[in-house]
Novice: 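The structure's right below; bear with me while I get my questions together.
Just so you know, ligand 1 is whichever comes first in the structure, and atom 1 is the first atom listed for that ligand. Along the sequence shown, the residues carry numbers beginning at 1.
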Amino acid sequence: MVAIVEVAGLVKRFGELAAVDDVSFMIRQGEVYGLLGPNGAGKTTTISMISCLIDPTAGSITVDGHDAAREPGALKQSLGVVPQEVALYPTLTAAENLRFWGSMYGLRGSALDRAVSEALDLAGLADRAKERIEKYSGGMKRRINIAAGILHRPKVLLMDEPTVGIDPQSRNHILETVKGLNAAGMTVLYTSHYMEEVEYLCDRIAIMDHGRIIAEGTLNELRDVVGGMDVVAVKVAGVSPGTLDRVRTIEGVERVEGTDDVLEVLTRSSGSIMGRLVSTLESEGAHVTSVSVTEPDLESVFLHLTGKSLRD
Ligand SMILES: Nc1ncnc2c1ncn2[C@@H]1O[C@H](COP(=O)(O)OP(=O)(O)OP(=O)(O)O)[C@@H](O)[C@H]1O
Ligand SMILES: [Mg+2]
């Protein structure tokens, strides 16, 4: 399969900060490619450079054969962008917003009418097309935001955390929309800090942290990074930072991450550490209510590679 997006040696500096620090990847035609990373990882900065909104400090970008530095106009025609911040006019109706964005992409007359009507169907909001965006729920706005990105039927769709802060119903609608667009042939770059979403949607995933890609592959390839390990999840009350440090010294414990009431312990020997784990916690005055062992997921991969949790 041919590469439709190629990014090589991409760097973006804001003063001292390298927000994107030597990032390279390629996306094959027809793939859903995931960019997974916590707040500040550099996802939006990467998307902004690919969509020619900001210039890279260094590196090259090609989309559908068009180089971002030499042919930004042609590149943008191949690209649809769903920005992290909803880009709609609150006092205009959904249909008016879509007409505006469609005309920005050069659509006119019956082609524009058709594109707007199809986009409203895709958003599942054709019956509310004449309502002002300010009356829409957050999830509905996000669905129209996505519709606005695909009006001109781009070959490649960039989606920047399209499901943040919305209800489960709209989230499911959006995930199924991505699946449907991809099944119809669209290549998608999907950024998120929700590992469940990239696990569900993406053919390949790059894990990003501090401006760098720290791992890349299919879900199974990434799981191999923590191959042979288990995650021991301990429900516990009364854990102090000192307790975590004690747990880290237990032989067989690779990584430990804790929230208020759950400890996640990455280990190659879940069977043999369980007893010491519980007795250490109890001796530190913590109260264990349950212990379970699960298969590693992308959260475990991130924990293993960075020593921190993706969730916070
Ligand atoms: N215009 C800017 N000027 C200065 N610093 C910036 C600018 N834009 C982004 N940054 C910094 O670059 C880093 C990466 O930001 P970016 O928005 O790309 O992260 P992100 O992965 O999209 O995070 P989030 O999940 O919170 O959206 C952050 O430290 C951010 O503060
Ligand atoms: Mg962002």
Side-chain angles (χ1 to χ4, degrees), residues 5-25 27 32-61 63 68-69 72 75-76 79-88 138-139 141-146 148-149 156-166 170-171 174-175 178 188-202 204-217 222 257 259 297-299 301-303 305-312:
V5 176
E6 286 182 277
V7 169
L10 198 61
V11 177
K12 183 65 187 183
R13 296 195 158 276
F14 295 111
E16 290 287 287
L17 175 79
V20 173
D21 189 6
D22 194 16
V23 161
S24 302
F25 60 88
I27 307 177
V32 181
Y33 187 85
L35 213 49
L36 176 72
N39 291 142
K43 304 180 298 293
T44 298
T45 308
T46 302
I47 290 224
S48 301
M49 289 190 279
I50 297 174
S51 48
C52 303
L53 280 176
I54 59 173
D55 290 330
T57 308
S60 65
I61 296 161
V63 177
L75 182 149
K76 283 188 209 170
L79 211 61
V81 186
V82 180
Q84 184 166 7
E85 305 296 338
V86 170
L88 301 169
K141 283 181 198 161
R142 290 228 161 239
R143 279 148 69 170
I144 295 291
N145 200 41
I146 293 171
V156 179
L157 185 63
L158 310 182
M159 306 184 84
D160 196 359
E161 305 211 42
T163 61
V164 166
I166 61 173
S170 282
R171 164 175 305 221
I174 288 173
L175 295 181
V178 177
V188 180
L189 172 59
Y190 191 93
T191 89
S192 182
H193 61 263
Y194 298 124
M195 57 155 190
E196 302 87 351
E197 291 187 0
V198 298
E199 284 183 354
Y200 177 64
L201 286 176
C202 299
R204 289 187 305 131
I205 301 155
I207 301 182
M208 202 170 177
D209 190 34
H210 292 302
R212 291 179 162 264
I213 290 178
I214 56 173
E216 190 206 41
L222 289 172
E257 182 67 27
T259 57
D297 53 19
L298 287 180
E299 174 69 34
V301 176
F302 192 78
L303 176 61
L305 292 173
T306 67
K308 61 186 185 184
S309 170
L310 193 54
R311 289 195 206 103
D312 27 66

Novice: Give a yes-or-no answer on whether the side chains of Gln84 and Thr44 include a donor-acceptor pair shorter than 3.5 Å.
Specialist: yes
Novice: Is Asp22 atom CG crowded by more than 12 heavy atoms from other residues, nucleotides or ligands, each under 6.0 Å away?
Specialist: yes
Novice: Salt-bridged, Lys43 to Glu161, with N to O below 4.0 Å?
Specialist: yes
Novice: What I'd like to find out is whether the side chain of Ile205 reaches to under 4.5 Å of the side chain of Glu216, using heavy atoms alone.
Specialist: no
Novice: Under a 4.0 Å heavy-atom cut-off, what residues line ligand 1?
Specialist: Phe14, Leu17, Ala19, Pro38, Asn39, Gly40, Ala41, Gly42, Lys43, Thr44, Thr45, Gln84, Glu161
Novice: Enter the distance from Asp160:CG to Thr45:OG1 here, rounded to the nearest 0.5 Å.
Specialist: 9.0 Å
Novice: Under a 4.5 Å cut-off applied to non-hydrogen side-chain atoms, are Met208 and Ile214 in contact?
Specialist: no
Novice: Restricting to under 2.8 Å, identify the protein N, O or S atoms around the Mg ion (ligand 2) as residue plus atom.
Specialist: Thr44 OG1, Gln84 OE1
Novice: Answer yes or no: is there an ion pair linking Asp55 with Lys12, defined by an N-O contact shorter than 4.0 Å?
Specialist: no
Novice: Is the distance between the ring centroids of Phe25 and Tyr33 under 6.0 Å?
Specialist: yes
Novice: Side chains of Leu35 and Tyr190: closer than 4.5 Å at any heavy-atom pair?
Specialist: no
